[in-house]
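Reading through the structure tokens given below for one structure.
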Amino acid sequence: MSGPLTGLRVLDLSRVMAGPWCTQILADMGAEVIKIERPGLGDDTRHWGPPWWQEEGEQAPQSAYYLSANRGKHSVTVDIARPEGQALLHELAAQCDIVVENFKTGGLVDKRLDYASLSAINPSIIYCSVTGFGQTGPMARMAGYDYLIQAQAGLMSITGVPDGLPGAGPQRVGMAVADLTTGMNAAVAILGALHHRHQTGEGQHIDMALLDVQVSWLANQALNYFCSDTPPKRTGEYHPNLVPYQPFPTANGEKVIIAIGNDGQFRRFCEAVGIAHVADDPRFVTNPQRVKHREALVALISEVTRGFESAALTTLLQSISVPCGPIQDIAQVFEDEQVKARGMKIDVPGKAGNVPGVANPIKYSKTALSYPKAPPALGEDTQDVLTRLLGKSDEAVRRLQEKGVV
């Protein structure tokens, strides 16, 4: 089975995480992605290590960070500061369906690689710009990084230990969540633009901003504010709208998550752990009442769960469809039987063996995702790609290499 985007070609002018995450999604779905990197240095994340991964026989290792977002792409080095390099990318853009870039707003205009320049060459091009703050507004030309966006967009204000407790204070999420969600939204936006082009023949410019995406992902917390006029605070382990919905201690000194989302689950929980009468207590009968009397209920449940080993409590509650599970480190995640059953760890074929990776979570019934190869070493595909896509002779490519253009 071929991927749903087979036959589409992407010119990838992005680096670091948000843009490359978007183009890796497109590559997984079958698109041909041509990743343009700086001669000599490449994508910044090639140098973000340790840790490293080195295939047998390869001279240079790849950073784990780079590998996480760049599988299935061709690597081509082009000096975009030189007119010859710009002309080369114009030729590529004429043969591409999609361009993804994450330069600062306006940063590609003088290089004639902005939307206006490339759409004049290829009117059907879908051009996605990924920036920190977007193409408009007072901060449009400022660089934006994930940590900064997590802070400015309010995410850190609701993440971390509540005031008054040891370790209180705002915390960043342990992943580059603004980058990753922006890359995901960019891929969604591109699919929408492809459908528009299918109907009209028109390409268009997509303006994706990390700040916009992170603000949009405030979701229920934003609505909590809109409906109460009170900014949500850090709640640490517990959920602001559901009880019980947090970690609880167990007999072996660990904690398990109990995530009860309705009154039926709460009643089954109480019956299973031997406190059936609590489900009839007026303070706890409904979720709004449980939220109101959170502290009393959490203290009561904690005393009960301390009488169970973690595995026994998890097995018991899962057997009666009460959501419950362990807090796992990443090593444990990839030993989890459900994670294994879903095929979430993959081995991507490399030159001398397999390179480990995390699978794309999309699972189609009629089409397949593909992981054709690990990212090549910097620039090693230049001659092959340029010869195949642009019809240039090997000699023409060698001359470009001698000039330092590719």
Side-chain angles (χ1 to χ4, degrees), residues 154-155 157-165 168 171 173-174 177 181 216-328 332-333 336-339 341-342 361 363:
L155 180 60
S157 76
I158 55 173
T159 305
V161 178
D163 290 333
L165 296 178
Q171 294 180 2
V173 177
V177 63
T181 54
S216 78
W217 277 59
L218 292 176
N220 60 297
Q221 290 284 41
L223 269 293
N224 286 346
Y225 166 64
F226 293 154
C227 294
S228 69
D229 288 328
T230 301
K233 303 296 184 182
R234 298 185 305 280
T235 57
E237 292 185 332
Y238 69 83
H239 194 288
N241 304 113
L242 290 170
V243 178
Y245 201 97
Q246 65 183 72
F248 287 92
T250 60
N252 47 325
E254 301 173 346
K255 289 186 176 182
V256 298
I257 300 295
I258 299 174
I260 290 176
N262 60 55
D263 298 336
Q265 290 176 355
F266 181 65
R267 181 168 293 278
R268 292 199 302 275
F269 166 77
C270 292
E271 292 170 351
V273 299
I275 54 171
H277 64 284
V278 172
D280 295 318
D281 188 316
R283 296 174 297 168
F284 311 135
V285 170
T286 67
N287 183 68
Q289 285 297 102
R290 292 194 292 273
V291 171
K292 183 178 180 180
H293 299 285
R294 178 193 311 276
E295 291 185 8
L297 181 58
V298 167
L300 190 158
I301 292 175
S302 295
E303 285 303 309
V304 173
T305 59
R306 286 191 179 97
F308 290 84
E309 295 286 329
S310 298
L313 181 60
T314 299
T315 300
L316 171 64
L317 296 185
Q318 289 179 350
S319 72
I320 58 170
S321 298
V322 171
C324 178
I327 300 172
Q328 300 186 140
Q332 292 169 319
V333 167
D336 188 297
E337 291 304 318
Q338 181 63 23
V339 175
R342 299 294 288 172
K363 292 174 173 63

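The analysis underlying the following values was restricted to heavy atoms, covering all of them including side chains, and did not include hydrogens, waters or symmetry mates. All figures in this text were calculated on a predicted structure; none of them were measured in a lab.
By the salt bridge (Lys or Arg N to Asp or Glu O under 4.0 Å) test, Arg294 is found to be paired with no residue, residues two or more places apart in sequence or in another chain being considered. Applying the salt bridge (Lys or Arg N to Asp or Glu O under 4.0 Å) test to Glu303 and every residue at least two apart in sequence or in another chain returns Arg306. Under the rule for a side-chain contact (heavy atoms from CB on, under 4.5 Å), the partners of Gln338 that lie at least two apart in sequence or sit in another chain are Asp336, Arg342.
You'll find the side chain of Val278 stays beyond 4.5 Å of the side chain of Val304, heavy atoms only. Between Val322 and Ile260 the shortest side-chain heavy-atom distance falls below 4.5 Å. Counting only heavy atoms from C-beta outward, the side chains of Leu218 and Leu223 never approach each other to under 4.5 Å. Taking 4.5 Å as the limit, every side-chain heavy atom of Val256 sits out of range of all side-chain heavy atoms of Ile327.
Between Pro162 and Ala168, the shortest heavy-atom contact is O-CB, 3.1 Å. Here the shortest heavy-atom pairing between Leu316 and Ala272 reads CD2-O, 3.8 Å. In terms of heavy-atom proximity, Gln318 sits nearest to Cys324 at NE2-O, 2.8 Å. Scanning both residues, Thr305 and Ser302, for their nearest heavy atoms gives OG1-O, 3.2 Å. Between Ala279 and Phe266, the shortest heavy-atom distance links the atoms CA-CE2, 3.9 Å. Here the shortest heavy-atom pairing between Gly307 and Ala251 reads C-CB, 4.4 Å.
The backbone N or O of Arg283 sits less than 3.5 Å from a side-chain atom of Asp281, completing a donor-acceptor pair. Side-chain atoms of Arg268 come within 3.5 Å of backbone atoms of Ser321 as a donor-acceptor pair (strictly under, hydrogens ignored). Judged by distance alone, with hydrogens and angles left aside, the side-chain atoms of Thr235 form no donor-acceptor pair with the main-chain N or O of His239 at under 3.5 Å. Between the Thr314 side chain and the Ala311 main chain, no donor and acceptor come within less than 3.5 Å of each other. The backbone N or O of Ala312 sits nowhere less than 3.5 Å from a side-chain atom of Thr315 that would complete a donor-acceptor pair.
Rounding to the nearest 0.5 angstrom, the gap separating the CD1 atom in Ile301 from the CZ atom in Phe248 is 4.5 Å. Rounding to the nearest 0.5 angstrom, the gap separating the CZ atom in Phe269 from the CG atom in Leu317 is 6.0 Å. Rounding to the nearest 0.5 angstrom, the gap separating the OG atom in Ser157 from the CD atom in Gln221 is 8.0 Å. From Arg234, atom CZ reaches atom CG of Leu165 across 9.5 Å, with rounding to the nearest 0.5 Å.
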Scan the side chains in residues 240-247 for donor-acceptor partners under 3.5 Å anywhere in the protein, sequence neighbours excluded, and list what turns up.
residue, atom, partner, partner atom, Å
Asn241, OD1, Asn224, ND2, 3.1

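Side-chain N/O atoms of Thr159 and Gln171 include no donor and acceptor closer than 3.5 Å.
Within 6.0 Å of the OH atom in Tyr225, the count of heavy atoms belonging to other residues, nucleotides or ligands does not exceed 12.
Using a 4.0 Å cut-off between a side-chain N of Lys or Arg and a carboxylate O of Asp or Glu, Lys233 and Asp163 do not qualify as a salt bridge.
Counting only residues at least two apart or in different chains, ring pair (Phe, Tyr, Trp, His ring centres under 6.0 Å) contacts with residues 274-310 are absent. Listed by first and then second residue, the side-chain hydrogen bond (donor to acceptor under 3.5 Å, both in side chains) pairs involving residues 258-267 are Asp263-Arg290, Arg267-Asp280 (not counting sequence neighbours).
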